[in-house]
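Written below as structure tokens is the structure these notes are about.
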Amino acid sequence: MPAMTKFFFRPLYRSQTAWSIITWWESRRLPYNLTVGATGLVSLAVVAFLNAIPPFPGHLGIPVGVIVAYGVLANLCFCLGPLLDVAVWRHWGPNYSAVGPALFRYGFAFSVGLTILPIPLAVLGWGLRVLGVIG
């Protein structure tokens, strides 16, 4: 089984317990944090670059507290995944074991997408500054 498949899916045939579900999620927390953190660093670098180049360089002033709060909120949202996964498993049984990996995949994609969002906004801001100079 390819590594990406193993990361984003869990075997459906495996007998599950609440602990095995939580363990599955927690084994993905570090890669999730590293990916979202690296994406955040790339976003900050691109935004800083676009705010530093002419015309009329902008001012980037993202307080460190906002960055830390974003990381804390991302992890709190991550914690909802195993809670919901266990609730579905307890209510509907192991036939719904695909719900957890689907929650993880969508949450992972949403978190990375939200972290990348400053880049197109900075590109738009830079483009508007260029148009202001031209026009």
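Below, each value reflects all heavy atoms present in this structure, side chains not excepted, and no hydrogens, waters or symmetry copies.
With values rounded to the nearest 0.5 angstrom, Leu124 atom CG is found 14.0 Å from Ile119 atom CD1. With values rounded to the nearest 0.5 angstrom, Ile21 atom CD1 is found 11.0 Å from Leu83 atom CG. A distance of 11.0 Å separates CG in Leu121 from CG in Leu50, rounded to the nearest 0.5 Å.
Side-chain atoms of Val112 and Ile116, non-hydrogen and from C-beta on, do get closer than 4.5 Å to each other. Contact of the Tyr70 side chain with the Leu114 side chain is registered, since non-hydrogen atoms from C-beta on lie closer than 4.5 Å. Proximity of Trp24 to Pro101: side-chain heavy atoms (C-beta onward) are separated by under 4.5 Å at one or more points. A 4.5 Å side-chain heavy-atom check between Phe7 and Pro31 finds at least one atom pair inside the cut-off. At a threshold of 4.5 Å between non-hydrogen side-chain atoms, the residues Leu103 and Val88 do not count as touching.
With sequence neighbours excluded, the residues that form a side chain to side chain donor-acceptor pair (under 3.5 Å) with Asn33 are Asn75. Contacts of Arg29 classified as salt bridge (charged side-chain N to carboxylate O under 4.0 Å, His left out), with partners at least two apart in sequence or in another chain: Glu26. In this structure Phe8 satisfies the ring-ring contact (aromatic ring centres under 6.0 Å, His included) test together with Phe104, Phe108, sequence neighbours excluded. Considering only residues two or more places apart in sequence or on other chains, Trp25 meets the side chain to side chain donor-acceptor pair (under 3.5 Å) condition with Asp85. Qualifying side chain to side chain donor-acceptor pair (under 3.5 Å) partners for Tyr106, counting only residues two or more places apart in sequence or in other chains: none. Among residues two or more places apart in sequence or in another chain, the side chain to side chain donor-acceptor pair (under 3.5 Å) test is passed with Ser43 by none.
At least one donor-acceptor pair under 3.5 Å links the side chain of Trp126 to the backbone N or O of Pro54.
Between Arg129 and Asn51, the shortest heavy-atom distance links the atoms NH1-OD1, 3.5 Å. The two residues Val36 and Ser111 make their nearest non-hydrogen contact at CG2-CB, 3.9 Å.
Residue pairs meeting the salt bridge (charged side-chain N to carboxylate O under 4.0 Å, His left out) criterion with at least one member in residues 30-54: none, sequence neighbours excluded. Among residues at least two apart or in separate chains, ring-ring contact (aromatic ring centres under 6.0 Å, His included) pairs with a member in residues 26-47 are Tyr32-Phe78. A salt bridge (charged side-chain N to carboxylate O under 4.0 Å, His left out) check over residues 106-117, counting only residues at least two apart or in different chains, returns nothing. The salt bridge (charged side-chain N to carboxylate O under 4.0 Å, His left out) contacts involving residues 91-114 comprise nothing, where partners must be two or more places apart or lie in separate chains. For the salt bridge (charged side-chain N to carboxylate O under 4.0 Å, His left out) condition, no pair includes a residue of residues 32-47, sequence neighbours left out.
One hydrophobic cluster, built from ILVMFWY side chains closer than 4.5 Å, cannot hold both Leu41 and Val46; they sit in different ones.
Hydrophobic side-chain contacts under 4.5 Å tie Val68 into a cluster, directly or through other members, with Val64, Val72, Leu73, Leu76.
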Item to check | Audit row: Val42, Thr115, side-chain contact (heavy atoms from CB on, under 4.5 Å) steps and yes/no | outcome: CA-CA 9 Å; Val42 169; Thr115 307; over 6 Å; no

